[in-house]
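Written below as structure tokens is the structure these notes are about.
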Amino acid sequence: MKFKSVRGTRDVFSPEIELWQYLENTAVALLKAYGFSEIRTPIFEESALFNRSIGEDTDIVEKEMYSFQDKKGRNLTLRPEGTAGVIRAAIEQNLLVQSNIAKLYYLGPMFRYERPQAGRYRQFYQIGAECVGSDNYRRDLEIILWCVDYFAAIGLTGLKVCLNSVGCADCRPAYREVLKKYLQDQTGKLCGDCQRRAVKNPLRVLDCKVDSCREIIFGIPAMQDWLCDACKTNLSEIEADLKKEKVNFIIDKYLVRGLDYYTRTVFEIKSENLGAQDTIAAGGRYDKLVQELGGPPMPAVGFALGLERVSEVRQKQKAVATPGNRIDIFFALLGEQAQNRAAGVIRELRQQRIKVEAVFENKSLKSQMRLADQSGAKFTAILGEEELKKDSVTLRNMQTKEQKDIKLDELSQFLKTAKSEEYNG
RNA sequence: GUGGGCGUAGCUCAAUUGGUUAGAGCGCUAGGCUGUGGCCCUGGAGGCUGCGGGUUCAAGUCCCGUCGCUCACCCCA
């Protein structure tokens, strides 16, 4: 085969695409219920936007971005995540009005140049939302509860909500220094990566999975002890309300996110049904980003979920697939005249959004019936010489095998009635 | 970027210590049934064994390279 989808990308089609449509539709409906409205931003942006928001010495910026120059020499990057673009757009379009809050959601592909793995792609789809303009902990809660409600709505179980605070501009620098000093004393015992992190980005050491490092991490002073009062209150209020809402969560004091813009609340939702890449949704608060990107000093909180991973979990948990795109009526046509007579009727039915398929390829009735069967159609209309004389079709119910003559003119009415009966049980 | 496993028909997999024309099931297709689907029976199509090179009288099988898939590390959705 000459052409293949490029490494780390994939095609999504039936029956999985019907699942995706269901996941997206459910998410959109719930996002609207939570007061978010959609924003569509470009798939590429100025590279500098991502450098500044995500952070120069994060893995994403250092080695994972699809960056290129266009014909005018502009430095552009395919978006590796959604927040930066949404905030840029919100500022540019004046959606951020002082003392008001803006609630925006987005969905679409993101791009990161990473080694593909289970649940990790170079082009992957995210659904995410941002709430800009409030530092009220209830907004953090809204975001987390949306995720919880969504995963419940689509029937996922075995999820774990992990919560932590990474502090704010007031308390994080102090903690950073404490951490740096502590790590300096232990530097010989750290793994190579962590020795570098200890200097550049000491918080990331907390995330290390190397056994020798974990031992050292165990003795590290906890961020919690260094949080300022405001951050402490923020975290404890969220905790209290999550308990009140009976959300199952744990405080993971080693939870740090790979993007620099987070402040205070960070969270991840993990599934026990996936491999190493088990985070299906993640997010947190980012109170300084809006101003840093040239907007008004407005606090914000948001999240993103990975559609491939959600789809994966859902498929592992539900044996029964989401209903596919079954057609309503299948036309088996015998001969040129039958094809001519049916063509108009078929178009009319389709205009009424009745799902129709037909065979115009002069196949035997037997093979047309086989196609009808495979299509999953509820009815098959057979139109041949006999029916043409009466201007009717032989309508076969594919489940009950019941057949009756129906005038071609009455088909549309019949199908509508049949459909509404189905809805009423 | 690092490491492990794997590349044979559309799919899942066979093929003796290297040995004739690379097989099976499922799927697809035609017929049995000249106008009726699923079950059954019979036939048919479909393969540069990922690609390139090497060893050999002989390579799907062994060796090297390469590309891809996959899992894990790193990191993340």
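Each chain gets a letter, A, B and so on, in the order the sequences are listed, and its residues count up from 1.
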Under 4.0 angstrom between A/R7 side-chain N/O and B/rC69 OP1 or OP2: yes
Per-nucleotide protein contact string for nucleotides 33-42 of chain B (B base, S sugar-phosphate only, - none; heavy atom under 4.0 Å): --BBBB----
Rounded interatomic separation in angstrom, taking CD from A/E114 and P from B/rU2: 16 Å
Nearest-angstrom distance, C1' atom, B/rG18 to B/rG31: 43 Å
Pairwise P distance for B/rU21 and B/rU34, with rounding to whole Å: 43 Å
Distance, rounded to the nearest Å, where A/F13 contributes CZ and B/rC11 contributes P: 11 Å
Touch class at under 4.0 angstrom, heavy-atom based, for A/T58 against every strand present: nothing
A/Q352 side chain near A/S412 side chain, heavy-atom distance below 4.5 Å: yes
Separation of the P atoms in B/rA24 and B/rA15, to the nearest angstrom: 15 Å
5' priority, RNA chain B, between A/T9 and A/Y262 [closest heavy atom]: A/T9
Sugar-phosphate only, base, or nothing, as touched by A/A118 at under 4.0 Å among non-hydrogen atoms: sugar-phosphate
Check: A/W146 ring centroid to A/F303 ring centroid under 6.0 Å: yes
Donor + acceptor pair across side chains of A/N164, A/E268 (<3.5 Å): no
Under 4.0 angstrom between A/Q117 side-chain N/O and B/rA72 OP1 or OP2: yes
Value in whole Å for how far the P atom of B/rC11 lies from CD of A/E16: 17 Å
Rounded distance in Å between the P positions of B/rG43 and B/rC51: 32 Å
Spacing of the C1' atoms in B/rG35 and B/rC28 (rounded, Å): 24 Å
Touch class at under 4.0 angstrom, heavy-atom based, for A/Y121 against every strand present: base
Pair of N/O donor and acceptor under 3.5 Å linking B/rC71 base with A/Q277 side chain: no
Nearest-angstrom distance, C1' atom, B/rA14 to B/rG3: 31 Å
Worked verdict on A/T394 versus A/E387 for side-chain hydrogen bond (donor to acceptor under 3.5 Å, both in side chains): CA-CA 7 Å; A/T394 300; A/E387 291 85 356; 2.6 Å; yes
Test salt bridge (charged side-chain N to carboxylate O under 4.0 Å, His left out) applied to A/K378 and A/D373, step by step: CA-CA 9 Å; A/K378 297 173 198 87; A/D373 187 39; over 6 Å; no
Geometric class of the A/Y175/A/W226 ring pair [parallel <30°, tilted 30-60°, perpendicular >60°]: tilted
P spacing across the pair B/rC39 / B/rC48, given as an integer number of angstrom: 30 Å
Sugar-phosphate, base or nothing in reach of A/G275, heavy atoms under 4.0 Å: sugar-phosphate
Centroid separation A/F360 to A/F331 less than 6.0 Å: no
Quiz: residues 121-129 of chain A side-chain donor-acceptor pairs under 3.5 angstrom, not counting sequence neighbours:
| residue | atom | partner | partner atom | Å |
| --- | --- | --- | --- | --- |
| A/R122 | NE | A/E114 | O | 2.7 |
| A/R122 | NH2 | A/E114 | O | 3.3 |
| A/Q123 | NE2 | A/Y125 | OH | 3.2 |

Whole-Å gap separating P (B/rC69) and NZ (A/K4): 7 Å
Phosphate OP1/OP2 of B/rG31 contacted by A/S364 side-chain N/O (<4.0 Å): yes
Base of B/rC74 paired with side chain of A/R120 (donor-acceptor, under 3.5 Å): yes
